[in-house]
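Take a look at the structure below.
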Amino acid sequence: MRLGMPATRYFSYMVTSPQKWQFVLVANRLPVRRLWEGEQTKWVPSPGGLVSALRPVMAGNPNAVWVGWSGVPGAGADPFEMDGFQCHPLSISQGEIQLFYEGFSNATLWPLFHDALVPPEYHRTWWDSYRSVNERYAKVAAELAGPGATVWIHDYHLLLVPGLLREMRPDLRIGFFLHIPFPAWELYIRMPWRYEIIEGLLGANLIGLQTPLGADNFFRATSRITGAKTSGKTIVYAGRTTQVGIFPIGIDTNRVNDLLEDPTVQARAADIRQSLGSPQTVMLGVDRLDYTKGIEVRLRAFRELLAEGRLSPDRCTLIQIAEPSRSQVTGYAEVRRAVEQLVGDVNGNFGIMGRPVVHYLHQSHPISELVAMYSIADVMLVTPLRDGMNLVAKEYVASRTDNTGVLVLSEFTGAAHELRTAELVNPHDIEGLKSAMVAATHRSSGESAKAMKPMRRVVLSKTAQAWAENFLTKLEAC
Ligand code: G6P
């Protein structure tokens, strides 16, 4: 077994034999997903903030196993080792992808937990599949966990796993962390299986949420639905005690620093700026293509500012990275259409030959490429309508080693609770957003540094590793 391999070595793996583990991490996805190239299998990084935050936490831990889906339908692959920890692929069929993943996880829970930005759908067949896939995750975790082991379960795909696992293995220490918001009580009670979900979560010894608002919402839903007694951060229900805590997730700042010092990343940054025509101001958006991210709002604001002459297409360029995501799920194809129509409209009206104003890339990019972009972006636009945390905002801040740059940040992100000196905006208020975007382009370097320094202190001290340590220490004490 190779220990302490550098966290960037994604693609090296080897098959290992079954054994019991002292630390079991359970998430819907593995940190890598499987791609077929002809007859060959290739593993590439999985999308999303959850994976990017958890991978460095697991790296180099020989007693740890990560249970998750390989990203392709059908039989799971053999277990393998990566970055000094074990990966245990779990199989999900094509039908379950439709019912459990695209259906209940991403067309019921995801919209409901994000303020019902698109109407959540409730289907009994989706729920049945959700329950049976959660049972599978719980069973695999129960089989892999050694006596008295710690199991850490993640995110909305697996809300029933803590309770199911508790029944199978009362000896385990079980933690659960929700990466997305927990919705207001008035919204949550629409869920036909509201009781089963809360009961499932209460199988954990410790439940972690990103923000105080999420924790309040969870407490209120729990006490109203189950009648459980709550006092301080403790819930007592059915003879068991569950602690609830607020643990805002961070990023792997070492990885960002290493990339910033890498000469190829530096050369790439200079290259990108030059290929844009070395504009005075580069604005940047980096998101999964998701209706929660407020990409349309930002493009509409940008279009109006160009039309009003408050931003000049000669001096200002916007790069919008939109990573492909959940294309089969209701709402995602629509947001793609709307975003691409806006991009076409802005470029058609304000671009010149050979130089679009918006550089739109519907592709996923490695972190090295994103860090190159962060380092040349004068203004970072993070405008979600709702977001559990938003680690892109933190990656941008971590990349601004000289304290330059302006972060325009939605109030409705978890990150806004910590990055208080960002240019905070309400993305529903387009005039306010426009003013913030213009103000960002006029900030003096002194003003930028004054805002950036406190944000850097937060991001550099509250890393992903510190977050995990904090959660696991609290879990140990439960
Ligand atoms: C968000 C969720 C993660 C999820 C990621 C990517 O960050 O909180 O749980 O893995 O999006 O979404 P996907 O549907 O591709 O797994």
Side-chain angles (χ1 to χ4, degrees), residues 25-35 44-55 57-58 66-73 87 89-90 92 96-115 117-118 126 130 133-134 137 152-159 161 176-183 208-211 214 247-252 286-293 295 321-333 335-336 362-365 367 370 382 384-395 413-415 464 467:
L25 189 149
V26 191
N28 179 46
R29 281 186 187 277
L30 284 175
V32 282
R33 67 196 166 94
R34 194 176 195 181
L35 284 185
V44 299
S46 297
L50 178 156
V51 156
S52 66
L54 285 172
R55 200 173 54 84
V57 168
M58 293 289 278
W66 182 321
V67 178
W69 174 44
S70 66
V72 288
C87 286
L90 182 139
I92 298 195
E96 287 168 339
I97 290 173
Q98 284 162 5
L99 303 171
F100 153 76
Y101 171 72
E102 292 168 357
F104 200 80
S105 297
N106 286 311
T108 306
L109 290 170
W110 179 268
L112 181 66
F113 280 39
H114 286 87
D115 293 353
L117 289 168
V118 306
W126 292 3
Y130 184 80
V133 174
N134 271 240
Y137 276 94
W152 195 7
I153 300 150
H154 290 264
D155 228 357
Y156 61 101
H157 315 84
L158 305 178
L159 300 173
V161 175
F176 178 88
F177 187 77
L178 184 66
H179 291 254
I180 66 172
F182 193 92
L209 295 134
Q210 300 270 28
T211 63
F247 301 90
I249 196 168
I251 60 160
D252 182 2
V286 174
D287 309 85
R288 272 185 313 99
L289 187 43
D290 194 300
Y291 53 79
T292 59
K293 300 289 183 184
I295 305 172
I321 307 297
E323 184 176 13
S325 187
R326 307 175 197 165
S327 54
Q328 305 305 315
V329 178
T330 320
Y332 286 79
V335 76
R336 179 175 179 192
H362 181 237
Q363 298 158 24
S364 57
H365 289 77
I367 180 76
L370 296 180
V382 180
L385 304 172
R386 175 57 84 195
D387 208 334
M389 175 50 66
N390 198 292
L391 294 180
V392 163
K394 293 190 172 180
E395 285 171 358
T413 59
W467 162 80

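We use all heavy atoms of the structure for the numbers below, so side chains are in, but hydrogens, waters and symmetry mates are not. Indexing begins at 1, ligand by ligand and atom by atom, following the structure's order.
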Quick check: closest heavy atoms across W126 and G103, and the distance to 0.1 Å? CE3-C, 3.2 Å
If you take all heavy atoms of A464 and A53, which pair is closest and at what distance? CB-O, 3.4 Å
Decide side chain to side chain contact (heavy atoms under 4.5 Å, CB included) for Y332 and L289; before the verdict, give the C-alpha distance in whole Å, the side-chain angles of both, and the deciding distance to 0.1 Å. CA-CA 7 Å; Y332 286 79; L289 187 43; 5.9 Å; no
Can you list the atoms of ligand 1 that are under 4.0 Å from a heavy atom of R326? 1 (C), 5 (C), 6 (C), 11 (O), 12 (O), 13 (P), 14 (O)
Tell me: protein heavy atom nearest atom 9 (O) of ligand 1, and distance? D155 OD2, 2.5 Å
Does H157 have a non-hydrogen atom less than 4.0 Å from ligand 1? yes
Nearest protein heavy atom to atom 14 (O) of ligand 1, by residue and atom, and its distance? Y101 OH, 2.5 Å
Residue P47 vicinity, atoms of ligand 1 by number, heavy atom under 4.0 Å: 6 (C), 15 (O)
Option among T413, D287, D387 that satisfies the side chain to side chain donor-acceptor pair (under 3.5 Å) test with K293: D387
Just which atoms of ligand 1 are under 4.0 Å from any heavy atom in L50? 9 (O)
Please could you name the atoms of ligand 1 that G49 approaches to less than 4.0 Å, counting only its heavy atoms? 7 (O)
Can you sort out which atoms of ligand 1 are near R29, meaning under 4.0 Å from one of its heavy atoms? 13 (P), 15 (O), 16 (O)
Give the numbers and elements of all ligand 1 atoms closer than 4.0 Å to a heavy atom of I180. 8 (O)
Partners of W152 by ring-ring contact (aromatic ring centres under 6.0 Å, His included), sequence neighbours excluded? H154, W467, F471
Out of curiosity, is N28 lining ligand 1, as in a heavy atom under 4.0 Å away? no
Pairing donors with acceptors under 3.5 angstrom, does anything connect the side chains of N106 and Y156? yes
Just jot down the ring-ring contact (aromatic ring centres under 6.0 Å, His included) partners of Y101, sequence neighbours excluded, or say none. W69
